[in-house]
Amino acid sequence: MLLLVNTQDLTSRKLYCTDDDSAIFDRYCTQMEPKKSLPLDELMIHTALFFRGTPYVASTLEKEPEGLVVNLRELDCTTFAETVLALSRTLWEENPTFENFCENLQQLRYRDGTIHDYTDRLHYMTDWFYENERKGIVKDMGREIGGASLPLDLSFISTHPDSYKQLKNHPERVRRMADKEKEINLRPHYYVPKQEIEKCSSGIKNGDILCFVTSIKGLDVTHVGIAYWKDGQLTFIHASSSAKKVIIQASSLRDYAEGIKSCKGILVARPLSIY
């Protein structure tokens, strides 16, 4: 399907979407209307399961010029988590509209909720946690549930500019990314080491956003999911690159993390109610 570029001025945003995305939004609102008064943690799970089976597709955000990409037809792990949270917050509004959903998604995905270029997007999830906590959208739970300090040395994006078409031939953007990486590195960060997941699991609730911390040089995380207690076992819902679709992970959160050699542990953020 061809991607249509909608340049309608909905708050001066460039919007990349299709009519199908708007139709999926309408179907979501109709199906979820009876559940809109549920607590946010339950609503997050119902919303995540609405997308069960949706195809996994990477790199859907890489459009030039930078604009808000709304793609409810195809999701990767990060766009899945952002979409679920933005939709859940939108459903709570008195009159949920596609325009309001776009605004909620933009607030989540971009540093100050505004889009000028590629460097405004929250590429690192530790930065995503920080900025969305500052906006009152989520709370970083890492320290509260018994996590440990996480030293960071982010550098991957600024040191691999040729891997990003938005940075290639834009040295000023590379400099901005490098400065932002240094700023993020100086902040305090907390995570749950993978050997401590079982001990800390009682502090993790349905709907919490989970990020898998990596030992890969220059990065903070490599995967994102949504916490889900199923039959007494803590697992998660995610857009899986191996399953090529949105699934409920069959194994426990602990076993999944233990099975990835480069995984050091998890970050945990709790979506906050808007009322």
Side-chain angles (χ1 to χ4, degrees), residues 1-21 54-83 86 101-132 152-185 211-214 216-224 238-242 244-246 262:
M1 181 178 298
L2 291 175
L3 189 71
L4 306 178
V5 181
N6 181 341
T7 54
Q8 248 183 325
D9 189 349
L10 298 175
T11 65
S12 301
R13 79 162 57 88
K14 180 176 284 293
L15 179 65
Y16 295 90
C17 69
T18 71
D19 290 341
D20 284 350
D21 297 305
T54 297
Y56 174 96
V57 177
S59 304
T60 59
L61 304 186
E62 309 316 316
K63 308 297 179 188
E64 274 283 289
E66 187 76 15
L68 182 69
V69 175
V70 177
N71 188 340
L72 304 182
R73 299 159 286 113
E74 306 160 325
L75 298 163
D76 66 23
C77 65
T78 304
T79 62
F80 170 65
E82 288 180 333
T83 295
F101 165 63
C102 291
E103 181 60 31
N104 284 324
L105 187 61
Q106 184 166 317
Q107 284 294 325
L108 281 174
R109 187 174 289 163
Y110 289 89
R111 185 161 292 105
D112 295 311
T114 55
I115 305 173
H116 301 293
D117 63 40
Y118 181 78
T119 63
D120 296 308
R121 207 193 310 162
L122 298 170
H123 300 284
Y124 292 105
M125 287 305 293
T126 42
D127 197 26
W128 192 102
F129 274 34
Y130 174 84
E131 292 293 345
N132 283 304
L152 284 183
D153 187 19
L154 300 178
S155 63
F156 193 90
I157 295 175
S158 66
T159 55
H160 295 78
D162 288 348
S163 299
Y164 305 91
K165 63 182 179 182
Q166 299 92 334
L167 298 182
K168 221 171 180 179
N169 305 316
H170 286 282
E172 74 289 352
R173 294 181 186 175
V174 177
R175 285 192 296 271
R176 282 201 293 275
M177 283 305 311
D179 288 343
K180 183 53 65 175
E181 288 165 343
K182 289 172 186 172
E183 181 186 325
I184 300 166
N185 291 338
C211 301
F212 294 84
V213 179
T214 185
I216 297 172
K217 181 177 171 57
L219 290 177
D220 53 358
V221 311
T222 53
H223 194 49
V224 182
H238 61 133
S240 166
S241 59
S242 56
K244 301 297 182 190
K245 60 184 178 181
V246 173
S262 62

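- Residues Asp117 and Arg176 have side chains in contact (heavy-atom distance under 4.5 Å, counting atoms from C-beta outward).
- For the atom pair NZ (Lys63) and CG (Asn71), the distance works out to 8.0 Å, reported to the nearest 0.5 Å.
- Closest of all the heavy-atom pairs between Ala86 and Phe101 is CB-CE1, 3.6 Å.
- Between the CE atom in Met177 and the OH atom in Tyr164 there is a gap of 8.0 Å [rounded to 0.5 Å].
- The only option from Arg109, Lys180, Arg111, Arg121 that meets the salt bridge (Lys or Arg N to Asp or Glu O under 4.0 Å) definition with Asp127 turns out to be Arg111.
- One finds the CG atom of Asp76 at 5.5 Å from the OH atom of Tyr56 (value rounded to the nearest 0.5 Å).
- Separating the CG atom in Leu75 from the CD atom in Glu82 is a distance of 10.5 Å, to the nearest 0.5 Å.
- Side-chain polar atoms of Glu64 and Gln166 form no donor-acceptor pair below 3.5 angstrom.
- Smallest separation of non-hydrogen atoms from Glu66 and Ile115: CG-CG2, 3.6 Å.
- Contact detail for Trp128 and Leu108: the closest heavy-atom pair is NE1-O, 3.4 Å.
- Just one residue in the list Val221, Asp220, Thr222, Thr126 forms a side chain to side chain contact (heavy atoms under 4.5 Å, CB included) with Cys211, and that residue is Val221.
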Query raised in the report: Checking side-chain contact (heavy atoms from CB on, under 4.5 Å) for the pair Thr78/Met125: CA distance, chi angles, key distance, verdict?
Result: CA-CA 9 Å; Thr78 304; Met125 287 305 293; 4.1 Å; yes

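- Considering only residues two or more places apart in sequence or on other chains, Glu131 meets the side-chain hydrogen bond (donor to acceptor under 3.5 Å, both in side chains) condition with Arg134.
- To the nearest 0.5 Å, atoms SG (Cys102) and CG (Leu15) are separated by 5.0 Å.
- The local environment of NZ in Lys165 is crowded, with over 12 non-hydrogen atoms from other residues, nucleotides or ligands closer than 6.0 Å.
- Thr114 approaches Asp120 most closely through the heavy-atom pair O-CB, 3.7 Å.
- Partner of Arg73 under the salt bridge (Lys or Arg N to Asp or Glu O under 4.0 Å) criterion, chosen from Asp20, Asp19, Asp21: Asp21.
- The two residues Ile157 and His123 have their closest heavy-atom pair at CD1-CB, 3.4 Å.
- If you take CD on Glu181 and CD1 on Ile184, they are separated by 7.0 Å, rounding to the nearest 0.5 Å.
- When only modelled atom types and interatomic distance are considered, Glu183 and Tyr130 share no side-chain donor-acceptor pair under 3.5 Å.
- Shown here for Ser158 and Val174, the closest heavy-atom pair between the two residues is O-CG1, 3.5 Å.
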